[in-house]
Amino acid sequence: MDPIKLVKGFKDLLPEESAKWWFVELRARKFFKNFGFSEIRPPIMERTELFQRGIGEGTDVVEKEMYTFTDRSGENLTLRPEATAGVIRAYIENGLFTREAVSKLYTIGPMFRRERPQKGRFRQFHQINAEVFGVAAPIIDAEIIIMVNEFLRDVGLESLSLEINSLGCSECRPSFKQELIAFLEAKKETLCPDCQRRIGINPLRVLDCKVRTCQEATVQAPLVTSFLCTGCHAHFDELQKYINRFGITYSINPKMVRGLDYYTKTAFEITTTHLGAQNAVCGGGRYDELVKQLGGPDVPGIGFAIGFERLVSLLPMSNLYDNSPTLFVAPLGATAHEKTFALLNSLRLSGLSCVSEYNANVSLKTMLKRADRSGARLVIIVGEDELLKEEITIKDMQTGKQKSFLLSDWGKIIATAKQGEL
RNA sequence: GUGGGUGUAGCUCAGUUGGUUAGAGCGCCAGGUUGUGGCCCUGGAGGCCGAGGGUUCGAGCCCCUUCACUCACCCCA
């Protein structure tokens with residue numbers, strides 16, 4: 001029979017990798033706690049309408065990338081393609097805005113988009129998401145940007161670049177958009193076919209196009225930053241003031257746009273050159289009108305998403321993700337297995353990570369080989385000699401030293417094992 | 001959805017103008033050591049050469065089809 005294969009664009013996370021994931025996740029949770037966030041875990045499936053309203057009908061994500069289906073009772077459901085909409089739904093539905101003036105929430109989990117897979121892009125992928133509701137002041141924009149920037153540095157990423165921009169609000173964006181469209185229409189001939197199409201759909205994206213002729217054509221294009229209303233302008237200025245005060249390096253990229261419709265004012269992106277074409281490790285921004293748009297109170301919001309797989313693939317080599325046990329128990333023969341069984345498990349219960357051999361017939365040589373490969377530094381050997389004397393031998397694999405202990409003297413054995421070396 | 005690349009052992013890959021029994025390294029198993037790992041030596045297991053069809057006396061190699069993976073576009077984390 002042919003084995004069943006995994007779904008295209010989905011990945012099995014194997015043990016070597018999952019150790020890295022734990023490392024990242026633990027660090028992230030620590031960071032979030034320090035910055036006053038708490039975890040929320042909305043389901044990974046929502047009513048399709050939520051995403052249509054939240055992300056925007058015209059976006060590619062909604063138009064052609066969602067895993068949407070009707071369940072047995074005819075409800076139209078979708079596997080979440082991003083986290084923000086679901087978090088906002090939960091925020092509204094559970095009335096979190098009535099409990100506290102400001103909510104700082106994070107969530108870590110899988111997202112689903114039916115795109116053609118490539119380097120750094122999968123149909124099931126994971127994100128670390130953060131959202132803050134209820135703060136309109138730019139100080140929070142700065143806080144969030146600094147937090148995510150420092151977090152990525154903390155887990156060990158290097159040569160990242162941070163870009164920020166302001167996309168304006170519903171007041172100033174339309175006039176900019178109008179001006180931009182007029183500009184692009186005039187240059188239409190020199191733009192690539194994709195961009196010619198974009199003029200009508202998402203004119204801001206033209207500024208971000210990779211085709212050289214398009215980049216050349218848009219050097220003189222009007223910039224959002226020069227169209228900002230006084231409110232947005234002040235917001236953007238103050239944000240920079242705060243970031244400068246903390247002192248991280250960034251650049252302003254007036255041509256950066258975000259993919260989803262809901263962003264207003266601040267937008268930012270953290271990229272690297274080591275990811276192939278998918279160079280964004282983190283993207284985020286402010287969405288002051290989204291909560292209201294989804295039926296909630298008029299509460300401003302800001303958030304970001306980190307691509308988990310992308311982050312992990314950038315992690316430097318490190319022994320920080322080492323998952324080795326501290327101890328390998330090697331009993332020779334059936335009697336030794338019986339004698340060490342209780343000890344083995346009480347070592348585990350005392351907080352030590354121990355592995356053992358289950359086959360009573362394997363040789364000491366093989367067990368030591370397995371112990372070596374397991375990464376355990378200490379090995380407890382129990383064979384005929386030890387059984388006669390009611391002893392065990394502990395071997396330090398790094399130094400080769402060996403030492404005997406009375407089998408009954410668990411306290412001493414555990415203490416030595418906890419030391420991790422002889 | 002569109003375009004390119006690649007499919008040979010568990011993994012990374014050789015494989016001559018089409019020629020007999022398809023190879024290497026790593027990994028795995030066993031032995032060299034009756035109870036001592038790594039290093040070294042010896043041996044072993046492991047392949048429908050992605051699948052289907054075609055050309056040919058003969059196909060891993062050539063042709064067609066198909067599937068999978070991969071990279072890029074679109075778009076995005």
Side-chain angles (χ1 to χ4, degrees), chain A residues 2 5-11 14 55-56 58-66 80-84 108-130 148 152 192-195 197-198 201-202 205 208-211 256-261 268-272 275-285 303-314 328 330-333 336 362-388 393-402:
Chain A
D2 285 340
K5 290 188 296 186
L6 95 172
V7 181
K8 190 192 195 75
F10 287 57
K11 291 277 178 252
L14 301 177
I55 302 170
T59 58
D60 273 30
V61 171
V62 170
E63 222 166 57
K64 50 188 197 194
E65 294 173 2
M66 296 203 300
R80 65 178 183 196
E82 57 104 46
T84 305
I108 300 175
M111 308 296 155
F112 304 85
R113 288 183 203 172
R114 224 208 89 104
E115 304 173 84
R116 194 79 166 257
Q118 69 185 73
K119 192 180 178 70
R121 188 166 70 192
F122 316 101
R123 290 184 173 181
Q124 185 193 77
F125 60 102
H126 296 73
Q127 289 186 337
I128 300 173
N129 275 89
V148 69
L152 294 175
C192 72
D194 280 326
C195 281
R197 197 171 44 80
R198 282 175 183 136
I201 305 164
N202 187 356
R205 266 287 293 154
D208 217 19
C209 185
K210 287 165 191 160
V211 178
M256 180 190 75
V257 296
R258 307 277 333 126
L260 312 179
D261 273 1
F268 61 94
E269 206 168 73
I270 297 176
T271 56
T272 166
L275 276 177
Q278 312 306 318
N279 60 359
V281 191
C282 171
F304 65 77
I306 294 171
F308 212 119
E309 285 83 355
R310 292 183 187 177
L311 192 171
V312 168
S313 76
L314 291 170
F328 189 101
L332 278 148
V362 307
S363 66
L364 179 62
K365 181 192 171 90
T366 301
M367 283 196 282
L368 284 174
K369 199 185 280 182
R370 287 183 188 163
D372 190 41
R373 213 169 310 131
S374 78
R377 174 154 177 185
L378 298 181
V379 181
I380 289 184
I381 298 169
V382 182
E384 269 178 50
D385 297 352
E386 285 83 0
L387 286 177
L388 281 175
T393 297
I394 297 185
K395 180 184 172 88
D396 185 325
M397 296 293 272
Q398 219 166 91
T399 62
K401 267 202 288 188
Q402 301 195 169

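Naming: A, B, ... by sequence-line order, numbering from 1 per chain.
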What stems involve RNA chain B, if each pair must be Watson-Crick or G-U and both of its distances must be under 3.5 Å, with 3 or more such pairs in a row?
B:1-7 with B:67-73, B:10-13 with B:23-26, B:28-32 with B:40-44, B:50-54 with B:62-66
Say we look at A14(B) and G23(B): how far apart would their C1' atoms be, to the nearest angstrom?
7 Å
List every contact pair, protein side and nucleotides 65-71 of chain B side both N or O, where the distance is under 3.5 Å.
unit_1	atom_1	unit_2	atom_2	d
C69(B)	OP2	Lys8(A)	NZ	2.9
U70(B)	OP1	Lys11(A)	NZ	3.0
C71(B)	OP2	Lys119(A)	N	3.1

Reading nucleotides 26-36 of chain B 5' to 3', which nucleotides get B (base under 4.0 Å from a protein heavy atom), which S (sugar-phosphate only), which -?
--SS-----BB
Summarise how protein sits on nucleotides 40-51 of chain B as a single string, 5' to 3': B when a protein heavy atom is under 4.0 Å from the base, S for sugar-phosphate-only contact, - for no contact.
------------
Polar atom pairs between nucleotides 5-10 of chain B and protein, under 3.5 Å, N or O only, would you list them?
none

Whether Phe125(A) stacks on the six-membered ring of A77(B) base, 5.5 Å and 30° limits:
yes
Side chain of Lys64(A), heavy atoms from C-beta onward: which of C74(B), A77(B), G37(B) has the nearest atom to it?
C74(B)
Applying salt bridge (charged side-chain N to carboxylate O under 4.0 Å, His left out) to Glu65(A) and not counting sequence neighbours gives none
Gap between atom CD1 of Ile306(A) and atom CD1 of Ile270(A) - 0.5 Å precision:
7.0 Å
Whether the side chain of Arg310(A) and the base of C76(B) hold a donor-acceptor pair under 3.5 Å is what I'd like checked.
yes
Backbone of Gly120(A) reached by a side-chain donor or acceptor of Arg310(A) within 3.5 Å:
yes
Side chain of Arg123(A), backbone of Glu115(A): donor and acceptor closer than 3.5 Å?
yes
Classify the angle between the aromatic ring planes of Phe10(A) and Phe112(A) as parallel (below 30°), tilted (30 to 60°) or perpendicular (above 60°).
tilted
